[in-house]
Asker: 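Please read through the structure below; I'll follow up with questions.
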Amino acid sequence: MTTRPLGAQISHMLKDRGVDVIFGIPGVHNQEMYRGIEEAGITHVLARHEQGAGFMADGYARATGKPGVAYVISGPGLCNIMTPMGQAYSDSVPMLVVSSCLDETAAQRGQLHQMKDQEGAARTVCDWSETARTAEASYQLIDRALIEMMTGVPSPKHIQVPIAQLESLAGPAPARADEWPNRPAAAPLQQMALIDRLNAAKRPIFIFGGGATRGVANWLPHFQRLNAASFTTYTGRGIIPDDAPFHFGANLARPGSADVIASADLVVAVGTRLSEVDLWRQHLGHTAPLVRIDLDPECLSDRHNADTRILADASAQLTACLSQLDGEKDTTWTQQEVAAMRKKWRAEIDSEGPGILSVVDRLKAALPADTMIYSDMTQFAYAAKEVYPMECPGHWHHPYGFGTLGYALPAAIGGCIGRQVGDTYGPTIAILGDYGFQYTVQELAVAVELALPLPIIIWDNGKLGEIEDSMVRAQIAPNAVVQRNPDFCKLAEAYGAAAVQPADLDAFAQAVRTALATSGPTIIHVKSDIALTSS
Ligand SMILES: Cc1ncc(C[n+]2csc(CCOP(=O)(O)OP(=O)(O)O)c2C)c(N)n1
Ligand SMILES: [Mg+2]
């Protein structure tokens with residue numbers, strides 16, 4: 001039994017529970033948490049701002065499926081990481097934020113890093129935020145957080161430990177239990193109801209969200225025999241092969257998708273909130289019975305008023321159910337109607353952002369199928385995520401729900417770190433707008449420091465393009481939407497990163513391939529008229 005300050009014991013406990021990387025920034029308040037990191041065998045990644053640390057933890061979690069862990073100081077450190085916590089909460093990303101906190105805040109004002117209610121502030125952007133007043137409470141809360149992340153809907157949690165506690169000697173955390181609980185499996189009774197509905201349906205349609213990503217291979221061959229139509233949400237892209245005959249793609253946000261869904265005689269939504277940022281309208285548009293399969297009871301009781309509500313793990317439920325359907329089903333969907341709708345939608349997207357789709361197509365051709373893409377709130381990404389044919393599920397990450405500018409660079413850094421095997425990294429890229437890039441530009445230093453082979457595509461239209469368009473649509477004379485940019489290539493040079501400004505689409509594709517093979521990050525500065533001016 002090694003006795004250590006509690007701060008050090010926490011790192012040892014996290015290592016024992018499978019945590020290999022912690023993102024964060026030390027300060028005098030949380031330095032006891034830094035006493036044990038190296039000793040425990042954990043790699044620490046020093047961000048340049050706690051917002052960066054939080055997005056790195058998010059990107060790491062989305063790439064690996066493991067919780068992203070961050071250490072921050074009381075007060076401003078915690079405030080700075082609240083935006084990434086809000087992002088992780090809205091997108092169901094497992095993130096554990098451990099911070100210090102003051103020992104006392106009621107009687108004494110003017111203390112360093114003092115906040116009125118730090119625990120409560122953090123609670124507004126995560127699943128729960130608690131203060132661990134003893135070593136035992138710290139250990140219990142950490143295990144509770146990790147077990148909840150593995151068995152339920154993944155989400156961020158915050159644990160704060162008073163400074164005096166972090167400094168106090170404590171015994172080690174109990175060893176990790178041999179068996180950790182699993183996600184709940186299929187719900188057998190409701191399974192029969194779903195099988196009956198599927199057997200009777202002539203025009204079933206499935207909607208797959210990010211919650212259906214795990215274990216796809218177990219049920220996909222059975223699903224294909226159903227001849228059902230499908231959509232995915234943006235997070236669900238890649239679950240169904242993009243060229244499957246009855247797949248309508250990630251086009252739920254197209255208004256015409258409501259008519260397609262209205263023509264179905266059964267709608268099955270799996271692992272999706274069907275939220276505002278999935279649909280961009282209030283109603284799904286269904287006229288037929290709606291079946292929901294989800295781990296999250298909140299989804300089963302929402303405004304869409306499902307007719308059958310199945311609380312279960314998506315993969316377990318689909319595998320158990322679809323494997324019982326025998327033979328190939330006849331449905332009334334035709335390949336022609338699917339192809340015609342997709343062609344129409346692509347033309348709509350093309351006309352909304354002229355000159356974007358040809359760059360997207362070249363990007364797709366230049367990237368290996370298993371590239372993990374992190375995008376920001378930029379017009380390039382809005383168009384790309386509707387049309388980009390994903391081959392692997394769970395490989396495009398975006399600040400969907402909270403919609404935070406500055407997400408993509410640090411998240412891609414976290415993702416790249418998570419995809420390191422020996423000396424190589426799974427291909428990872430970041431895509432940002434010229435304005436959003438500047439929210440977290442300083443994290444470029446981390447990518448340089450770690451020599452991450454990271455292409456960073458900056459889509460430069462010289463303005464806050466999406467906001468200008470939105471003002472025009474609202475008949476507001478555009479204002480506050482044009483900014484003077486730095487010289488992005490010189491900025492990259494100052495940080496020690498490579499940089500290139502491709503003149504045409506061939507040079508762009510080549511720049512992407514070269515950047516993936518280069519040790520260290522490369523800024524690929526793309527003028528938004530590149531396709532329009534290329535010969
Ligand atoms: C933290 C934060 N502040 C403000 C916004 C609102 N917002 C959304 S897009 C955008 C402009 C982004 O400009 P840029 O990154 O250049 O992308 P573009 O739309 O021009 O492609 C702004 C200000 C936001 N999403 N997040
Ligand atoms: Mg812009």
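Numbers for residues simply follow the sequence, beginning at 1. Remember, it's 1-based here, ligands and their atoms both numbered in the order they're listed.
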Asker: Is the Mg ion (ligand 2) less than 2.8 Å from an N/O/S atom of K463, whether that atom is in the backbone or a side chain?
Answerer: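 An N, O or S atom of K463 is closer than 2.8 Å to the Mg ion (ligand 2), so yes.
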
Asker: Is the distance from the Mg ion (ligand 2) to some N, O or S atom of N461 under 2.8 Å?
Answerer: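 True for N461.
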
Asker: Counting only heavy atoms not in E352, do more than 12 fall under 6.0 Å of its CD?
Answerer: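 Yes, CD of E352 has more than 12 neighbouring heavy atoms, counting only those of other groups under 6.0 Å.
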
Asker: Does the side chain of I10 come within less than 4.5 Å of I159's, by heavy atoms?
Answerer: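 They are not in side-chain contact.
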
Asker: Show me the pairs that pass ring pair (Phe, Tyr, Trp, His ring centres under 6.0 Å) and involve residues 449-477, at least two apart or across chains.
Answerer: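 As it turns out, the ring pair (Phe, Tyr, Trp, His ring centres under 6.0 Å) pairs with a partner in residues 449-477, which skip direct neighbours, are F380-W459.
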
Asker: Tell me: protein heavy atom nearest atom 25 (N) of ligand 1, and distance?
Answerer: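 For this ligand atom, the closest protein heavy atom is G403 O, 2.8 Å.
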
Asker: Can you find an N/O atom of T404 closer than 3.5 Å to an N/O atom of ligand 1?
Answerer: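 Looking only at distances, the answer is no, because the N/O contact criterion of under 3.5 Å is not met.
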
Asker: Looking only at protein heavy atoms, which one is nearest to atom 26 (N) of ligand 1, and how far off is it?
Answerer: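 Scanning the protein heavy atoms, the shortest distance from atom 26 (N) of ligand 1 goes to L405 N, 3.3 Å.
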
Asker: By number and element, which atoms of ligand 1 are closer than 4.0 Å to a non-hydrogen atom of G436?
Answerer: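 Going through ligand 1 atom by atom, the ones under 4.0 Å from G436 are 14 (P), 15 (O).
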
Asker: Would you check, one step at a time, whether the test ring pair (Phe, Tyr, Trp, His ring centres under 6.0 Å) holds for F402 with Y407?
Answerer: CA-CA 10 Å; F402 216 36; Y407 167 81; over 10 Å; no

Asker: If you measure every N/O of F437 against every N/O of ligand 1, is any gap under 3.5 Å?
Answerer: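 No, F437 has no N/O under 3.5 Å of an N/O on ligand 1.
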
Asker: Would you say the Mg ion (ligand 2) has E466 as a near neighbour, meaning an N/O/S atom of that residue under 2.8 Å away?
Answerer: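 No, E466 does not qualify, because none of its backbone or side-chain N, O or S atoms lies under 2.8 Å.
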
Asker: Any chance CZ of F508 has more than 12 other-residue heavy atoms, nucleotides or ligands included, within less than 6.0 Å?
Answerer: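 Correct, the count exceeds 12.
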
Asker: Near Y435, which atoms of ligand 1 are under 4.0 Å from a heavy atom of that residue?
Answerer: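 That gives atoms 13 (O), 14 (P), 15 (O), 16 (O) of ligand 1.
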
Asker: Show your reasoning for whether ring pair (Phe, Tyr, Trp, His ring centres under 6.0 Å) applies to H44 and Y34.
Answerer: CA-CA 9 Å; H44 181 268; Y34 281 75; 4.8 Å; yes

Asker: In terms of the angle between their ring planes, are Y439 and Y435 parallel, tilted or perpendicular, with boundaries placed at 30° and 60°?
Answerer: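 The arrangement is perpendicular - the two ring planes meet at more than 60°.
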
Asker: Please check whether Q483 reaches ligand 1 - meaning an N/O of the residue sits under 3.5 Å from an N/O of the ligand, judged on distance alone.
Answerer: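 There is no such contact.
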
Asker: Output yes when the distance from some N or O of ligand 1 to some N or O of I467 is under 3.5 Å, and no in every other case.
Answerer: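 By distance alone, the answer is no.
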
Asker: Only heavy atoms of L464, strictly under 4.0 Å: list the atoms of ligand 1 that pass.
Answerer: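 Listed by number with element, the hits are 11 (C), 13 (O), 20 (O), 23 (C).
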
Asker: At what distance, to the nearest 0.5 angstrom, does NE2 of H397 lie from CG of D58?
Answerer: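 Result: 9.0 Å between the selected atoms.
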
Asker: Which residue holds the protein heavy atom closest to atom 16 (O) of ligand 1, what is that atom called, and what is the gap in Å?
Answerer: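 Here the nearest protein heavy atom works out to D434 OD1, 2.6 Å.
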
Asker: Do other residues, nucleotides or ligands put more than 12 heavy atoms under 6.0 Å from the CZ atom of R303?
Answerer: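 Enclosed.
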
Asker: Counting C-beta onward and ignoring hydrogens, is there a side-chain heavy-atom pair between D302 and R273 closer than 4.5 Å?
Answerer: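 Side chain of D302 against side chain of R273, heavy atoms only: no contact under 4.5 Å found.
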
Asker: For ligand 1, which is the ligand I care about here, please tell me if E466 has any N or O atom under 3.5 Å from one of the ligand's N or O atoms.
Answerer: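 Yes; at least one N/O pair falls below 3.5 Å.
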
Asker: Among protein heavy atoms, which sits nearest to atom 1 (C) of ligand 1, and what does the distance come to when rounded to 0.1 Å?
Answerer: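 Protein heavy atom at minimum distance: Y439 CE2, 3.7 Å.
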
Asker: Looking at D434, pick out the N, O or S atom nearest to the Mg ion (ligand 2) and give its name.
Answerer: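 Checking each N, O and S atom of D434, the shortest distance to the Mg ion (ligand 2) belongs to OD1.
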
Asker: Report, in ascending order of atom number, the atoms of ligand 1 lying under 4.0 Å from any heavy atom of Q379.
Answerer: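 So the atoms of ligand 1 that pass are 18 (P), 19 (O), 21 (O).
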
Asker: Look at the aromatic rings of Y400 and Y234 and report parallel, tilted or perpendicular, splitting at 30° and 60°.
Answerer: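 Aromatic pair Y400/Y234 classed parallel.
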
Asker: Would T440 and H49 count as a side chain to side chain donor-acceptor pair (under 3.5 Å) here? Give the steps.
Answerer: CA-CA 8 Å; T440 48; H49 185 290; over 6 Å; no

Asker: Looking at ligand 1, does any of its N/O atoms fall within less than 3.5 Å of an N/O of N461?
Answerer: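 Checking ligand 1 against N461, an N or O pair does fall under 3.5 Å apart.
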
Asker: Who's the nearest protein heavy-atom neighbour of atom 18 (P) of ligand 1, and how far?
Answerer: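 Protein heavy atom with the smallest distance to atom 18 (P) of ligand 1: G465 N, 3.6 Å.
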
